[in-house]
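Atoms within a ligand are numbered from 1 in the order they appear, just like the ligands themselves.
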Amino acid sequence: MATVTYLAKLGELTLKGSNLKEFERRLVNNAQLYLETVRARVLLRAGRLYIEGPEESVPAIEFTLKHLIGITGWARTFVCEKTVESIKEAVMKTAVAAKEAGAKTFKIDVRRADKSFPLNSYELAAEAAADVFDQGILSVDVHHPDLLIRVEVRERCFVYDDRNKGCRGLPVGVSGKGLLLLSGGLDSPVAGYRMMRRGMKVDCVYFHAYPYTSAEAQKKVEDLAAIISSYGVDTHINIIPFTEVQMRIKQRSPEEFSTLMLRMCMMKAANLLADRLGAQCLITGESLGQVASQTIENLAVTESACAVPLLRPLVGLDKQEIIDTAVQIGTYDTSILPYEDCCVLFSPKHPVLRASVEKATEIFEKLEADELIQAAYDKREIKRFAARDYVAEHFATPKTEEQ
Ligand code: ATP
Ligand code: MG
């Protein structure tokens, strides 16, 4: 059966000097995890990632390359002999496929790693392009082509077009582990994705207040965890029942402080979990000034209840920037479903805008919530989502004996 070859270019990790080997290993290993149930081979050669497999593995390989963090771009590649004729043939196939996808103009970029090739780069580009424009398939535009066809002459020849962007960033797993406070809104899934792109392994925690928050709200958060796990290789979501903690807040906290008290209680519970999981930080979707609990004073209060570093990757972004990323990573449609992750019963009409840490700590102590928090933590439920399970369910190809 014919083999298809995909090539991906490594991003920022190529800048990492002495850690380069570890980063590359991690990238290859992550790609292999996606493709565990698929007849495909992942290799790293001369700073490029190659994935090869039979035609039937194409959907799985493309899913992997669309989600794998650590690559700047990827392409299905024609691999051919180092002869002008076979290069021309591959260029023609690439051009025809791009024309079908709507391209009108093209340019060829040649790189000759093998300097013994008889034509120089300029001559090879001219020769390889000739048939495509002579036959009226595409016209040449050297400044803003719809299609850039790359020809690389190495130990073999690789011909591909340069349109598919990768997720960029550092391979997941090279920057430790964080615990994401994942709610059903737009922000926290984006925050998790942002940290994954910095190479962080991300697990999640969700606090629910059943029956005041619905089973649908919980399902929505699980769906979001599943979506972000397709970028993060895998993720665990810990679901902590917080109804009793919320009731305690309602009984003992001045109403205007109740949201902040809830944030502080979440931080305490998340700290217990981070400790257990070996997570080195907490991550939230907070953004400065977005809602009352996110003034700089109130962010300081939340942070005061947190023992490990609290990372807020969205702190300086505006809502539209967050929405753009949510659309791009595929969480937007789920996030805007109308199941709320908090309940009006617990939401103050006039939340305090600029609380002091001293005052908030004083109220927090009066809650005497530590035991309730510990009990809620002990009752947590854990679900796991993994990119490889998604691939296995949707695109698995049976392995043969010899693989
Ligand atoms: P999001 O869009 O992520 O829901 P938001 O703009 O609604 O955020 P808040 O509701 O104030 O803002 O929440 C701030 C952050 O606190 C969230 O981004 C999330 O990290 C965390 N958080 C809030 N509610 C929960 C919850 N029920 N479970 C876990 N984390 C939560
Ligand atoms: Mg929210």
Looking only at N/O atoms, are [X] and ligand 1 under 3.5 Å apart anywhere?
{"X": "Ser183", "result": "yes"}
{"X": "Gly184", "result": "no"}
{"X": "Val291", "result": "no"}
{"X": "Met266", "result": "no"}

Original post:
If only atom types and distance count, is the side chain of Thr397 paired as donor or acceptor with the main-chain N or O of Ser57 below 3.5 Å?
Top reply: no

**OP:** Decide side-chain hydrogen bond (donor to acceptor under 3.5 Å, both in side chains) for Thr325 and Arg194; before the verdict, give the C-alpha distance in whole Å, the side-chain angles of both, and the deciding distance to 0.1 Å.
**Re:** CA-CA 9 Å; Thr325 308; Arg194 291 260 168 204; 3.1 Å; yes

Under 4.0 Å from a heavy atom of [X]: give me the atoms of ligand 1 that qualify, with their elements.
{"X": "Gln294", "result": "9 (P), 11 (O), 12 (O), 14 (C)"}
{"X": "Ser293", "result": "11 (O)"}
{"X": "Gly185", "result": "1 (P), 2 (O), 4 (O)"}
{"X": "Val205", "result": "29 (C)"}
{"X": "Gly285", "result": "17 (C), 18 (O), 20 (O)"}
{"X": "Leu182", "result": "28 (N), 29 (C), 30 (N)"}

Donor-acceptor side-chain pairing of [X] and [Y] below 3.5 angstrom:
{"X": "Asp324", "Y": "Gln328", "answer": "no"}
{"X": "Ser183", "Y": "Ser188", "answer": "yes"}
{"X": "Gln218", "Y": "Glu222", "answer": "yes"}
{"X": "Ser253", "Y": "Arg248", "answer": "no"}
{"X": "Ser86", "Y": "Thr83", "answer": "yes"}

**OP:** Heavy-atom distances under 4.0 Å are what count here, so tell me which part of Leu180 touches ligand 1: side chain, backbone, both or neither.
**Re:** neither

**OP:** Record the part of Ser188 in heavy-atom contact with ligand 1 below 4.0 Å; permitted values are side chain, backbone, both and neither.
**Re:** both

**OP:** Applying ring pair (Phe, Tyr, Trp, His ring centres under 6.0 Å) between Tyr50 and each of Tyr160, Phe158, Tyr6, report the one that passes.
**Re:** Phe158

Subject >> Tyr377 six-ring face occupied by Arg380 cation (under 6.0 Å, within 45°) >> reply: yes

Original post:
Out of Arg263, His208, Lys319, Gln290, whose heavy atom is nearest to atom 11 (O) of ligand 1?
Top reply: Arg263

Original post:
Given Asp187, Leu186, Ile240, which one has a non-hydrogen atom that is nearest to atom 8 (O) of ligand 1?
Top reply: Asp187

